[in-house]
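Have a look at this one before I ask anything.
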Amino acid sequence: MTQLATTDPTRTEQPPPTGPAIRRPGRHRYARAVAVFVAPFGILFALFYLAPIGYSIVQSLYVVKRTGTYGPAQEVFGGLAQYRLVFSDGPFWTSVARMVAFGAVQVPIMLGLALALALLLDSGLITGRRFFRLAFFVPYAVPGVVAAIMWGFLYSPQLSPLKPITSTVDLLSADTVLWSIANVVTWVYVGYNMLIIYSALMSIPTEMYEAARLDGAGRMRIAWSIKIPLVMPAIVLTTVFSIIGTLQLLSEPQVFRSFSSAVSSTYTPNMTVFSLSAIPNFNLAAAFSVVLALTTFVLSFAFLKATQRRGMP
Amino acid sequence: MTTHPTTPAETVRRRDHSILPRSAAMLIMGVCTVYFLLPLWWLFVGSTKNREQFTGTDPLWFADFHLLDNIGDLLAYRDGIFLRWTLNSVAYTGGAALLGTLLAAMCGYALAKYRFPGRELIFNVVLSGVLVPATALALPLFLIFGQFQATNTFWAVFLPSLVNPFGVYLARVYATAGVPDGLLEAARIDGAGELRTFFTISARLMSPALVTIFLFHFVAVWNNFLLPLVMLSDERLFPVTLGLYSWNTQITQVPELRGLVIVGSLISIAPLAVAFLLLQRFWRTGISTGAVK
């Protein structure tokens, strides 16, 4: 999490606000203020973030045992028994592989489009920038469930205004539905990512381009050699968020179950966890969500490490 | 004419130079605009049609204008359950986003402006909260609330929605950059307490960032689906997304729900679209602070 987690150097290098002589009592006075500022968020964070994670981990270590067929169910410590079930669960790992394939295709397309549109908005070739920026961003205001319902109708052959496409290709069949869902996700998030990259572009001082232009660099060259490297932190940030989002995919495919029989109840890892909670088998569901969280961490950090090694900021 | 023989040729050449890239760029923008807006246009047009026209007429152009009738039907259906869902969403979202923004701002501000032991630890722990998958939280939260017999209540969705770790990050970045230490020092010399300084000076300086945090928090809670799906079984507590989802799953058995889902979807988008339009100036400046750092 380089650009997220690194502390701001300007802060840490600065001397404390009060002089050294009165620093101690001053600190004491601020301690109360700090507590008042931090505690409300801190308590809620502990209750609704840290406690559930801890609870998940504990739950995942237990198994439900019955004495005889009709005996009362009892939770006993089972060690890693649930995790053995997770690792031998074929459909779960198929769904993880499905999401990795989904992400490997959808994330580059979405961010490539977002980057291209941000560069075009910044290129000076466009009139009506305000309009385009807003038009591309509007889908972000559409809830994932609603976007999926809307596109589900658009893909349905009887209703769709896209008849030329829907009459030749079944967009809801087992082979295509994953990419139909990818299109929904892309539609919602391109504008959001574009805006983050565009904001980064806007903060580049224009003198940087003028020097390059004097050296005879064209528009493409400036975009490739100056703009893209400078907005790399924003691209890395959006990629990490996209990786997390992909592994957590739930509402869009869950909605698509109404439109396509090809979407099963274990189509994505999150859907598996959710369907287990409905049975309910919370211990196994907890083990699944712990594994999913760890997978997310590993993939996000692997990506960050890979970009760091290539000398990116 | 003869004094400037090169001028017209030069103008033409310069225009030639940029007219091709310019029109190519505008063409791409135009195609993308169609892609992003066409589904919404379809939704709007569909919302204005009655049932026969919805299937029988051009899906991208108006037939008779029945939008108000359709909205009337939607609000009347089963004693106005849709209105209740919308109000629920407003209560979950508005409340959680307002209060959540305040809490995140206070915490981020303290992390930026005070030096205290454990500051970096708190910041890093909160920040890794951004990476935690929603299911890893929703399910154990359901079990924890279950221990207090509090699942299927307003609070089961509202309380967890207050926590916005990314808001803390944005608030810290913005407080570092936008609230000068000298100003805080001056306020201290004038005898203002730390809390009062925050509310009267710092929060005001941070306001563009606060609007951004509020908007993104608002979107996140408004769009939240998993937590209410797991927590709530009483239809009367549903937010609008969960309500529309439950209708959509029943369309094959109850075909008249289709029209209601279409109009309901349109209405569920409206509050966010309006909020984004009205607060454009703020989120545009605010979003850059998060992206650049």
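These numbers come from a predicted model, not from an experiment. Below, read A as the first sequence line, B as the second, and so on, with proteins coming before strands; counting in each chain starts at 1.
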Requested in this report: Taking all heavy atoms of A/Pro143 and all of B/Trp222, pick out the closest pair and write down the distance.
Outcome: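 Closest heavy-atom pair between A/Pro143 and B/Trp222: CG-CD1, 3.8 Å.
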Query - B/Pro165, part contacting chain A, at a heavy-atom distance under 4.5 Å - result: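 Both parts, backbone and side chain.
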Report task. Answer yes or no: is there a side-chain heavy-atom contact under 4.5 Å between A/Phe241 and B/Val130? Result ->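 Side chain of A/Phe241 against side chain of B/Val130, heavy atoms only: contact under 4.5 Å found.
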Query raised in the report: Taking all non-hydrogen atoms of both residues, which atom of B/Asn223 and which atom of A/Tyr140 are closest, and how far apart?
Result: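 Closest heavy-atom pair between B/Asn223 and A/Tyr140: ND2-O, 4.0 Å.
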**Report entry** Under 4.5 Å from a heavy atom of chain A, the part of B/Leu195 involved
**Finding:**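 Contact with chain A is through both the backbone and side chain of B/Leu195.
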Query raised in the report: Can you name the side chain to side chain contact (heavy atoms under 4.5 Å, CB included) partners of A/Val188, sequence neighbours left out?
Result: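 Per chain and number, A/Val188 pairs via side chain to side chain contact (heavy atoms under 4.5 Å, CB included) with A/Ala147.
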Query raised in the report: A/Phe48 and B/Leu137: side chain to side chain contact (heavy atoms under 4.5 Å, CB included), yes or no, with the steps?
Result: CA-CA 8 Å; A/Phe48 301 122; B/Leu137 295 176; over 6 Å; no
Report task. Look only at the side chain of A/Trp187 and the backbone of B/Tyr35, and say whether a donor-acceptor pair between them is shorter than 3.5 Å. Result ->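 Yes: the side chain of A/Trp187 pairs with the backbone of B/Tyr35.
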Query raised in the report: Is it the side chain or the backbone of A/Ile244 that comes within 4.5 Å of chain B heavy atoms, both, or neither?
Result: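 When you check distances to chain B, only side chain atoms of A/Ile244 fall under 4.5 Å.
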Please tabulate, for the side chains in residues 22-29 of chain B, all donor-acceptor contacts under 3.5 angstrom to protein atoms that are two or more places apart in sequence or on a different chain.
{"from": "B/Arg22", "atom 1": "NH1", "to": "A/Leu125", "atom 2": "O", "distance (Å)": "3.4"}
{"from": "B/Ser23", "atom 1": "OG", "to": "B/Ile19", "atom 2": "O", "distance (Å)": "2.6"}
{"from": "B/Ser23", "atom 1": "OG", "to": "B/Leu20", "atom 2": "O", "distance (Å)": "3.3"}

Query raised in the report: So, do A/Phe37 and B/Leu111 sit near enough that their side-chain heavy atoms are less than 4.5 Å apart?
Result: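 Answer no - side chains too far apart.
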Report task. For atom OH of A/Tyr189, decide whether the heavy atoms of other residues, nucleotides or ligands shown that lie under 6.0 angstrom number more than 12. Result ->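 No, not enclosed.
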Query raised in the report: Measuring heavy-atom distances to chain A, does B/Val240 have an atom under 4.5 Å in its side chain, in its backbone, in both, or in neither?
Result: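 Looking at B/Val240, nothing touches chain A.
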Requested in this report: Could you tell me which portion of B/Ile251 (side chain, backbone, both or neither) has an atom closer than 4.5 angstrom to a non-hydrogen atom of chain A?
Outcome: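 The side chain, not the backbone.
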Query raised in the report: Heavy-atom distance under 4.5 Å between the side chains of A/Val38 and B/Tyr114, does that happen here?
Result: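 The answer is no; the side chains never approach within 4.5 Å.
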Requested in this report: Would you mind reporting whether B/Asn248 and A/Val145 have side-chain heavy atoms less than 4.5 Å apart?
Outcome: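 A side-chain contact under 4.5 Å is absent here.
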Report task. Below 4.5 Å from any heavy atom of chain B, which atoms of A/Phe136 appear? Answer side chain, backbone, both or neither. Result ->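 Both backbone and side chain of A/Phe136 come within 4.5 Å of chain B.
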**Report entry** Portion of B/Leu162 that has a non-hydrogen atom of chain A nearer than 4.5 angstrom
**Finding:**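 B/Leu162 touches chain A through side-chain heavy atoms alone.
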